[in-house]
Structures are given as C-alpha cells and as structure tokens.
Amino acid sequence: MPLISVIGSGRVGTSTALQIAMRELGDIVLVDIIPGLPQGEALDLNHTCAILDLDVDVKGSNDYRDIAGSDIVVVTAGLTRKPDMTRLDLLLKNSEIIKDVSRHIREHAPKSKVIVVTNPLDVMTYVAYKTTGFESNRVMGFSGLLDIGRFRHLIHSRLGVSYKSIRSMVLGEHGDSMVLLPSHTYIGVEKLTSFMDEKTIAETVEATRKAGAEIIKLKGWSAHHAPGAGVSVMVSAIIKDMKAVIPTSALLDGHYGEKDVYAVVPCVLGANGVEKIIEIGLSDEELKKFKESIKVLKSAIEQVKLDKI
Ligand code: APR
C-alpha cells in the first residue's frame with residue numbers, strides 16, 4: 001500500500017486526507033506541530049474509513065520520523081493571511097515554515113515526491129525545491145486544478161453542460177495574475193468561444209479570479225474541500241502512474257523562455273512526478289499576460305532570496 005503523508009492537519013490538510021482515504025490511494029500519516037490535533041483528526045478519519053469500508057489506515061503524529069517511507073508528502077502547513085498581515089508578511093512567515101518542513105522531508109522521506117499547497121503557492125514550492133534539494137520533477141505545487149475547477153464550475157452553471165465535457169487550462173501564478181485560457185477551453189470538441197461571447201468570457205474569467213476571495217467573505221475562512229479534491233487527483237495520477245495532463249506549478253528550465261521560477265503550466269504527472277512540461281501555443285496577448293505573471297513570481301522569489309533560502 002502506498003504511503004502518503006500530509007503535513008499540516010488544519011482545514012486543507014484534513015480535507016486532503018479525507019479525499020485520499022475516500023479514493024483508497026494509500027495509508028496516510030498526518031503531521032502537525034499542535035499536540036493532539038493530528039492524532040484526533042486521524043481517529044476521526046479512521047472511524048470514517050470504518051463506516052465506509054475503506055481499507056486505509058490513518059496515523060496522526062507530531063514526530064516527523066513517522067513520515068519515513070512516504071511515496072508522496074503533501075505540504076499544507078502554514079498560516080492563512082490575517083487581516084493585519086501584508087502579503088509580504090505572509091510570504092516571509094510561510095517561507096520559514098516551508099523551510100522547516102522541507103528539512104524534515106529531506107531527512108525522513110528522501111525518496112518522496114512533494115506536493116506543496118501552502119500559499120503563496122508558486123513561491124513556497126520554489127522554497128521547498130531549494131530546501132529539499134530534490135530533483136525538480138519531485139517537487140511540484142498544487143492549484144491549477146483549483147483555478148480551472150472554479151472556471152469550469154462557472155461555465156457549467158452558465159451553459160448547463162456536463163462537467164465531463166468541459167476541459168480547460170491555466171498558466172502562471174496561483175493568484176491575481178493567473179492566466180486562464182479561454183482559447184484552450186473546450187466544450188466537447190468545440191472551443192468555448194463558439195458558445196460564449198467575448199464579454200461573457202471576460203466576466204467569467206474575472207469571477208474565477210475572485211472565487212477564492214468570495215468564499216472567504218461568505219464563510220469566513222478559505223477553501224479547503226476543493227483543494228483537498230484537487231490534491232487527491234494529483235496524488236492519484238502519481239500513485240497510479242497515469243501520465244495525466246494536469247496544470248501544476250513546476251520549475252521552468254527554459255520552458256516558455258523562462259528559468260529558475262515555479263509557475264503553473266500543463267504537466268504530465270506519473271510515477272516520476274512531473275514527467276514532462278507541455279509548451280502550448282499562445283496568442284501574443286496570452287504570452288504577454290503569462291510573462292507579466294512570471295515577473296510577479298520572480299520578484300516574490302527575490303524577496304524570499306533576500307531572506308536567504
Ligand atoms: N509544521 C507542521 N505544521 C504546521 C507548522 C509547521 N512548522 N506550522 C503551522 N502548521 C500547521 C498549523 O498548526 C495548522 O494546523 O498548519 C495547519 C494550517 O491549518 P489551517 O490554519 O487550518 O490553514 P488551512 O486552511 O489548512 O491552509 C493551509 O494551505 O491552501 C493553503 O492558503 C492556505 O497556506 C494555507 C495552507
């Protein structure tokens with residue numbers, strides 16, 4: 001049975017563990033710094049497994065030695081932005097947490113693949129890559145599936161078509177500068193542009209960009225069910241060696257003319273993690289937006305580098 005560790009037993013970590021258990025992808029270790037929290041969540045999840053006949057064992061721990069032998073480590077540890085915190089505060093505080101977690105992963109699960117979920121996503125994934133020292137195919141960031149999930153939801157509710165027939169793609173930062181790609185969005189075999197006029201597409205893209213903030217405004221904290229579902233799709237692609245094309249934050253090394261930066265791009269995920277980065281054709285306008293997004297990410301990486309990785 002594969003072993004999947006989830007670092008951080010808060011909302012995103014426990015939602016992720018639940019989705020992994022529901023799909024029987026492997027046994028699970030939940031880790032957190034708060035004594036009792038991962039152990040309590042593990043007990044609750046084990047009872048869930050018993051009720052649903054899921055043959056999965058969940059262990060809660062405050063000791064990183066328990067992640068030994070993990071095939072995948074999902075990192076959800078970190079702070080969420082408080083009203084009195086600037087984006088830079090969050091960047092530096094979470095960067096310290098990711099460095100700490102990454103050192104433990106390097107020591108106790110040196111052969112694992114790492115999926116980072118902590119925000120600001122692409123920069124935290126870069127920090128995990130640098131700190132673990134793992135090959136770049138083994139360190140990747142979640143979020144593309146979340147952003148296109150939100151986009152697909154809006155298309156589904158506006159056009160009344162099945163989710164199964166809506167395919168889409170996103171590039172760049174998981175954040176304000178994300179580049180959704182209506183030109184690479186298909187309903188069945190036809191482009192979205194055959195079903196929606198330009199103005200409606202622009203409104204749908206904007207609503208997607210604001211979806212995360214809307215959730216926080218409505219319920220008071222950030223999304224966790226959808227991130228958990230999305231991470232389980234990535235875990236499944238790796239564990240089952242699916243070679244599935246999934247928008248993933250990956251290290252660009254000459255791809256799209258960029259280097260030394262993590263950004264969301266279409267990737268083939270399989271047993272070796274990120275097995276390929278796909279370079280898709282972009283219009284001049286899309287390429288310009290992508291380059292602007294990369295600029296945002298590179299300047300955030302510089303802030304973190306100043307703080308020494
Ligand atoms: N090691 C392990 N766990 C840690 C550490 C650490 N160094 N620092 C913090 N944690 C734990 C906290 O104790 C808490 O239980 O991380 C957990 C975070 O949980 P929540 O506060 O519920 O936050 P959550 O909503 O799960 O979001 C976590 O995922 O999607 C992103 O933006 C989100 O960056 C945030 C992260």
Side-chain angles (χ1 to χ4, degrees), residues 5-20 28-42 44-45 59-67 70 73-83 85-109 114-128 131-132 140-147 149-150 173-176 178 211-232 234 248-249 262 264 300 304:
S5 292
V6 180
I7 315 299
S9 309
R11 290 194 171 103
V12 175
T14 49
S15 288
T16 298
L18 176 62
Q19 299 282 347
I20 290 169
I28 299 166
V29 175
L30 274 174
V31 176
D32 204 284
I33 42 170
I34 300 177
L37 178 66
Q39 292 84 351
E41 292 290 1
D44 199 358
L45 284 165
K59 177 174 185 158
S61 175
N62 305 112
D63 184 343
Y64 277 95
R65 281 176 293 188
D66 286 320
I67 72 170
S70 297
V73 181
V74 179
V75 180
T76 75
L79 307 177
T80 50
R81 194 165 148 212
K82 309 281 173 310
M85 268 168 98
T86 64
R87 276 176 196 275
L88 184 59
D89 282 342
L90 182 72
L91 183 78
L92 298 180
K93 289 203 166 110
N94 277 352
S95 169
E96 285 310 311
I97 292 173
I98 296 300
K99 281 187 230 169
D100 175 53
V101 170
S102 299
R103 286 183 203 114
H104 288 296
I105 296 173
R106 183 176 62 199
E107 183 179 351
H108 297 288
V114 180
I115 303 175
V116 178
V117 190
T118 305
N119 278 310
L121 189 278
D122 310 278
V123 187
M124 293 305 110
T125 313
Y126 181 89
V127 173
T131 315
T132 55
M140 68 209 87
F142 170 67
S143 83
L145 281 174
L146 180 62
D147 294 324
R150 288 169 173 168
E173 181 201 14
H174 173 56
D176 292 342
M178 77 173 78
E214 190 186 353
I215 290 173
I216 296 174
K217 198 168 127 206
L218 289 167
K219 68 176 189 176
W221 54 84
S222 53
H224 52 103
H225 300 300
V231 174
S232 78
M234 291 175 75
T248 301
S249 191
Y262 266 80
V264 175
V304 171

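One is the number of the first residue; the rest follow in order along the sequence. Counting starts at 1 for both ligands and their atoms, following the listed order.
Side chain to side chain, Ser5 and Ser70 meet the donor-acceptor criterion of an N or O pair below 3.5 Å.
No N or O atom of Thr118 sits closer than 3.5 Å to an N or O atom of ligand 1. The distance criterion of under 3.5 Å between nitrogen or oxygen atoms is met by Asn119 with respect to ligand 1.
Nearest protein neighbour of atom 1 (N) of ligand 1, counting heavy atoms only, is Tyr64 OH, 3.4 Å. Protein heavy atom at the shortest distance from atom 3 (N) of ligand 1 is Ala77 CB, 3.5 Å. The single protein non-hydrogen atom nearest to atom 23 (O) of ligand 1 is Thr80 CG2, 3.7 Å, given as residue, atom name and distance. Scanning the protein for heavy atoms near atom 7 (N) of ligand 1, the closest one is Asp100 OD2, 3.5 Å. Scanning the protein for heavy atoms near atom 31 (C) of ligand 1, the closest one is Val117 O, 3.4 Å. Shortest contact from atom 24 (P) of ligand 1 to any protein heavy atom: Val12 CG2, 3.7 Å. Of all protein heavy atoms, the one closest to atom 22 (O) of ligand 1 is Arg11 N, 3.0 Å. Of all protein heavy atoms, the one closest to atom 28 (C) of ligand 1 is Thr76 O, 3.1 Å.
Residue-level proximity to ligand 1 for Ile33 is carried by backbone and side chain together, each with a heavy atom below 4.0 angstrom. Contact annotation for Phe142 and ligand 1: no heavy atom of the residue comes within less than 4.0 Å of the ligand. With a 4.0 Å heavy-atom cut-off, ligand 1 is reached by no atom of Val31.
Using cut-offs of 30° and 60° on the angle between ring planes, the pair Tyr262 and Tyr126 is perpendicular.
Distance CD/Gln39 to CD1/Ile34: 11.0 Å, rounded to 0.5 Å. One distance of note links CG of Asp32 with CG of Asn62; it measures 7.5 Å at 0.5 Å rounding.
Between Thr76 and Gly8, the closest heavy-atom pair is OG1-O, 3.0 Å.
Residue Gly78 holds the heavy atom nearest to atom 16 (O) of ligand 1 of all those in Gly10, Gly78, Ser15. Among Ile7, Leu30, Asp32, Ile34, the residue whose heavy atom sits closest to atom 17 (C) of ligand 1 is Asp32.
Panel note: side chain Asn94, backbone Asn119; a donor-acceptor pair is recorded below 3.5 Å. A donor-acceptor contact shorter than 3.5 Å links the side chain of Ser232 to the backbone of Ala229. Looking only at distances, no side-chain donor or acceptor of Glu41 sits under 3.5 Å from a matching main-chain atom of Pro38. In terms of modelled atom types and a separation under 3.5 Å, the side chain of Thr14 and the main chain of Arg11 share a donor-acceptor contact.
Counting heavy-atom neighbours within 6.0 Å of Lys217 NZ, excluding the residue itself, gives a total of 12 or less.
Short contacts between ligand 1 and Ile97, defined as distances under 4.0 Å to a heavy atom of the residue, involve ligand atoms 5 (C), 6 (C), 7 (N), 8 (N). Of all atoms in ligand 1, listed by their number and element, those nearer than 4.0 Å to a heavy atom of Leu37 are 15 (O).
The side-chain heavy atoms of Met124 and Val101, taken from C-beta on, include no pair separated by under 4.5 Å.
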